Visitor: 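Mind looking over this structure? Questions follow.
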There are 2 protein chains.
Amino acid sequence: MDALTNPRAMAGQCRATTDCEHCRVRFLSVCAALDRDELAELEAIAQSIHFDAKETIFLEGEDARALYNVTCGTLRLYRLFDDGRRQIIGFALPGDFLGLDLASSHAFSADAIDAVSACRFSRTSFTALTERKPHLLRRLHSATTRELSAAQDQVMALGRRSAEEKVAWFLIHLRERYARVGDRTTMIALPMSRLDIADFLGLTIETVSRTLTRLARDESIAIDPGGIRLVDVRRIEQLAAA
Amino acid sequence: MDALTNPRAMAGQCRATTDCEHCRVRFLSVCAALDRDELAELEAIAQSIHFDAKETIFLEGEDARALYNVTCGTLRLYRLFDDGRRQIIGFALPGDFLGLDLASSHAFSADAIDAVSACRFSRTSFTALTERKPHLLRRLHSATTRELSAAQDQVMALGRRSAEEKVAWFLIHLRERYARVGDRTTMIALPMSRLDIADFLGLTIETVSRTLTRLARDESIAIDPGGIRLVDVRRIEQLAAA
DNA sequence: CGTTGAGTTGACCATCGTCAACAGGAGTGG
DNA sequence: CCACTCCTGTTGACGATGGTCAACTCAACG
């Protein structure tokens, strides 16, 4: 398993740094648009920052003073309803960028699930940089497009599908995302809790738990500490696509 | 009721034109970024086009040869599952832009619900124009951001909410969108069928129908031919936000 | 005047949510 | 080192919400 996606291997390694040129997520992220000189400009306005597990990065509605480029760890992005129900609208992984919209206030809340490191940019400096670098803006636009497509995938997953299909989709979806930063293995790390998964899929924690145990009894998956191993990949993929 | 949102009033008026300067949706749309000369450039590559009700504009996966700016009418945007289930991921209204991502293939299918007029741009010419006009790109980016936020709103609506809450949200959501092009009235035109609403909300046609009749029995709404009238706006808003 | 398609309503049933109990591991304090 | 709590996850019993199947109405259209 790749170091970027293995929670155990990551634990000791989640260190902040602003050495862009040797950054692990450089080619995945918005920064990939920049040449060496431009990268230096970006590095000049970047601050490296670290969050412990369960720390809150920002809250929905707050002034967006900064943008973040995640270099390691996992975050949950969510909104709350008036009555306290929580909907998780995504998990941010290494390479993901928070604040793509350059909006003046945050559209959702974000907190660290495990230890997280990120590059932090002040919104005003970053916005100024996009004024001067059209291809950075272009890159930003294509990243936003990817986000949009991810949101639409989630809509597909939530609309009128069974719990089993949702959970299978979640596993495959996470696997594809890990594949961007590492290998596409059959081992899927789950740094998030069952409650997080439930709030992401519009299910309850009990249904998630039951569905996973049922899939495990079927020998479609195996439940390992810290993650899931896909045993019958084909079957899970079929459920996910159905 | 505003002409742009009244299906009856629109029926005879849905005419194609490329007179940008007098375009009704000019200030709502991506074009608003352009000054007079630039608008002329855009007009030069625009083609006006008309679709009858039920015509397909494009299919998911097809080569995206063109982008469209809707000037009147309503479209449904959707994706199909392998088993034939359909998920509607949005309705396009006047002022909406299809193809914001500038991607080479369509991420979803689109067809006309009622009569639709649009400005059509070849993707290559439009992309070329964005190369020369950074503020057009900027405008494109902010439109994509709005789309993203709309998709996240839909995720909020689909995750673990009751049928009543979903339907109420749909009505309020549609009302807000109509408000962008016209007035925020209590009368909400529903050009789309019950099946369209069901496929948008992840419900069945029967549940949508039952829920609407229940809300009508409560005197929260009134079901008129061609639309819904909000009687107890407060109550519907409460349900929608819950 | 028959056909077709959209919408409504009813009866029944499955899935998933709710409530509750329990297991096991991590952390804490005596 | 053990007992205790706390937290997460699992499992069971039960019930409600919403899906399924079917019948029916009504308007549009030939």
Side-chain angles (χ1 to χ4, degrees), chain A residues 7-8 11 52-54 76 81 83-87 113-114 157-170 189-218 221-228 239 242, chain B residues 7-8 11 52-54 74 76 81 83-88 113-114 157-170 189-218 221-228 239 242:
Chain A
R8 273 167 225 291
D52 289 332
K54 303 191 182 176
R76 62 180 153 249
F81 287 105
D83 62 5
R85 276 177 295 181
R86 180 182 68 164
Q87 176 68 50
I113 291 178
D114 44 18
L158 296 193
R160 225 139 109 27
R161 310 189 70 194
S162 70
E164 201 170 40
E165 288 170 337
K166 285 181 179 184
V167 169
W169 172 80
F170 173 69
L190 294 184
M192 65 290 287
S193 69
R194 297 286 187 269
L195 181 58
D196 290 334
I197 301 174
D199 285 350
F200 182 61
L201 295 176
L203 297 171
T204 59
I205 183 174
E206 293 94 332
T207 303
V208 171
S209 181
R210 270 190 259 272
T211 306
L212 286 173
T213 20
R214 198 170 332 116
L215 289 173
R217 254 200 298 273
D218 287 1
I221 64 170
I223 302 176
D224 289 355
I228 298 285
L239 279 173
Chain B
R8 274 167 224 290
D52 290 332
K54 302 191 183 177
T74 315
R76 64 180 150 247
F81 287 105
D83 62 4
R85 277 177 295 181
R86 180 182 69 163
Q87 176 68 49
I88 291 186
I113 292 178
D114 44 18
L158 296 194
R160 227 138 110 24
R161 310 190 70 195
S162 70
E164 202 171 40
E165 289 171 336
K166 287 181 180 185
V167 169
W169 171 80
F170 173 69
L190 294 183
M192 65 289 288
S193 69
R194 297 287 186 267
L195 181 57
D196 289 334
I197 300 174
D199 285 351
F200 183 60
L201 295 176
L203 297 172
T204 58
I205 184 175
E206 293 93 334
T207 302
V208 171
S209 180
R210 270 190 260 270
T211 306
L212 286 173
T213 17
R214 198 168 334 116
L215 289 173
R217 254 200 298 271
D218 287 0
I221 63 171
I223 303 177
D224 289 355
I228 298 285
L239 279 172

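Convention: sequence-line order gives letters A, B, ...; per-chain numbering from 1. In this text, all values refer to a predicted model and were calculated from it rather than measured experimentally.
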Visitor: Separation of Leu158(B) atom CG from dC16(C) atom P, in whole Å?
Guide: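 Rounded to whole Å, this separation is 16 Å.
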
Visitor: Just to confirm, is there a sub-4.0 Å distance from OP1 or OP2 of dT18(C) to any side-chain nitrogen or oxygen of Arg160(B)?
Guide: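 True: Arg160(B) side-chain N/O within range (under 4.0 Å) of dT18(C) OP1/OP2.
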
Visitor: Just how far is it from atom CG of Asp114(B) to atom OG1 of Thr74(B), taken to the nearest 0.5 Å?
Guide: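 Asp114(B) CG to Thr74(B) OG1: 4.0 Å, rounded to 0.5 Å.
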
Visitor: Round to a whole Å and report the spacing from CD1 of Ile205(B) to C1' of dT20(D).
Guide: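 Those two atoms, CD1 and C1', are 13 Å apart.
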
Visitor: Just the rounded figure in Å: distance from P of dT4(C) to CG of Leu195(B).
Guide: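 That distance rounds to 20 Å.
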
Visitor: dC16(C), OP1 or OP2 - any side-chain N/O from Thr207(A) closer than 4.0 Å?
Guide: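 Answer is no, no contact under 4.0 Å.
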
Visitor: Rounding to an integer number of Å, can you tell me how far Arg210(A) CZ sits from dA20(C) P?
Guide: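 Arg210(A) atom CZ is separated from dA20(C) atom P by 15 Å.
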
Visitor: Quick one: closest heavy-atom pair of Arg76(B) and Asp196(B), and the distance?
Guide: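 Shortest heavy-atom separation between Arg76(B) and Asp196(B) comes out as NH1-OD2, 2.8 Å.
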
Visitor: Is any side-chain N or O of Thr204(A) closer than 4.0 Å to OP1 or OP2 of dG17(C)?
Guide: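 Looking at the OP1 and OP2 atoms of dG17(C), one of them is under 4.0 Å from a side-chain N or O of Thr204(A).
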
Visitor: dG9(D) P sits how many Å from Glu206(A) CD, rounded?
Guide: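 In whole Å, dG9(D) P and Glu206(A) CD are 12 Å from each other.
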
Visitor: So does Thr213(B) get a side-chain nitrogen or oxygen closer than 4.0 Å to the phosphate oxygens (OP1/OP2) of dT9(C)?
Guide: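 Looking at the OP1 and OP2 atoms of dT9(C), one of them is under 4.0 Å from a side-chain N or O of Thr213(B).
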
Visitor: Write down the distance between NZ (Lys54(B)) and P (dA28(D)), rounded to a whole number of angstrom.
Guide: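 Nearest whole value for this atom pair: 14 Å.
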
Visitor: Specify the separation, in whole Å, of atom CZ of Arg214(A) and atom C1' of dA14(C).
Guide: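 Spelled out: CZ on Arg214(A) to C1' on dA14(C) is 12 Å.
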
Visitor: Under a 4.5 Å cut-off applied to non-hydrogen side-chain atoms, are Arg160(A) and Thr204(B) in contact?
Guide: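 Arg160(A) vs Thr204(B): side chains touch.
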
Visitor: What nucleic acid atoms does Leu212(B) come within less than 4.0 Å of, heavy atoms only: base, sugar-phosphate, or nothing?
Guide: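 No contact.
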
Visitor: Work out which heavy atom in Arg161(A) is nearest to a heavy atom in Arg85(B); give both atom names and the distance.
Guide: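 Heavy atoms of Arg161(A) and Arg85(B) come nearest at CA-NH1, 4.0 Å.
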
Visitor: Would you kindly give the CG-to-C1' distance between Asp224(B) and dG7(C), to the nearest whole Å?
Guide: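 The answer, rounded to whole Å, is 15 Å.
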
